[in-house]
Amino acid sequence: MELLLILGAVLACTVAGVIVVRMSAQGRRPPLRLDSELDARDEDLLTRVGPIRSPIDRSAEVLDAEPVRTPPGRPGEKA
């Protein structure tokens, strides 16, 4: 009985090995490539000359960041 189990395991390993060798020996497909045609949006990005208008409003007031000071006492307690 053990002999049949060992022979079955050897046969399974042999079949798996043959399958792996056959799959690795097959010709591989060339990698897929995307088209290199440009959209109108892409063309605008590549051919734009001059300064780009920034979405940041640089004329706005600059605020200094300071922590809010709480009066001495317990946190959450109103004076």
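Index from 1, following the sequence.
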Sorted by chain and residue number, the side-chain hydrogen bond (donor to acceptor under 3.5 Å, both in side chains) partners of Ser59 (sequence neighbours excluded) come out as Asp57
Check side-chain contact (heavy atoms from CB on, under 4.5 Å) between Ile56 and all other residues, then give those that pass, not counting sequence neighbours. Ser54, Arg58
Partner set under side-chain contact (heavy atoms from CB on, under 4.5 Å) for Leu5, not counting sequence neighbours: none
Partners of Val62 by side-chain contact (heavy atoms from CB on, under 4.5 Å), sequence neighbours excluded? none
What's the separation between atom CD1 in Ile6 and atom CG in Leu11, rounded to the nearest 0.5 Å? 13.5 Å
Who else is in the cluster with Leu3 when I, L, V, M, F, W and Y are joined by side-chain contacts under 4.5 Å? Leu7
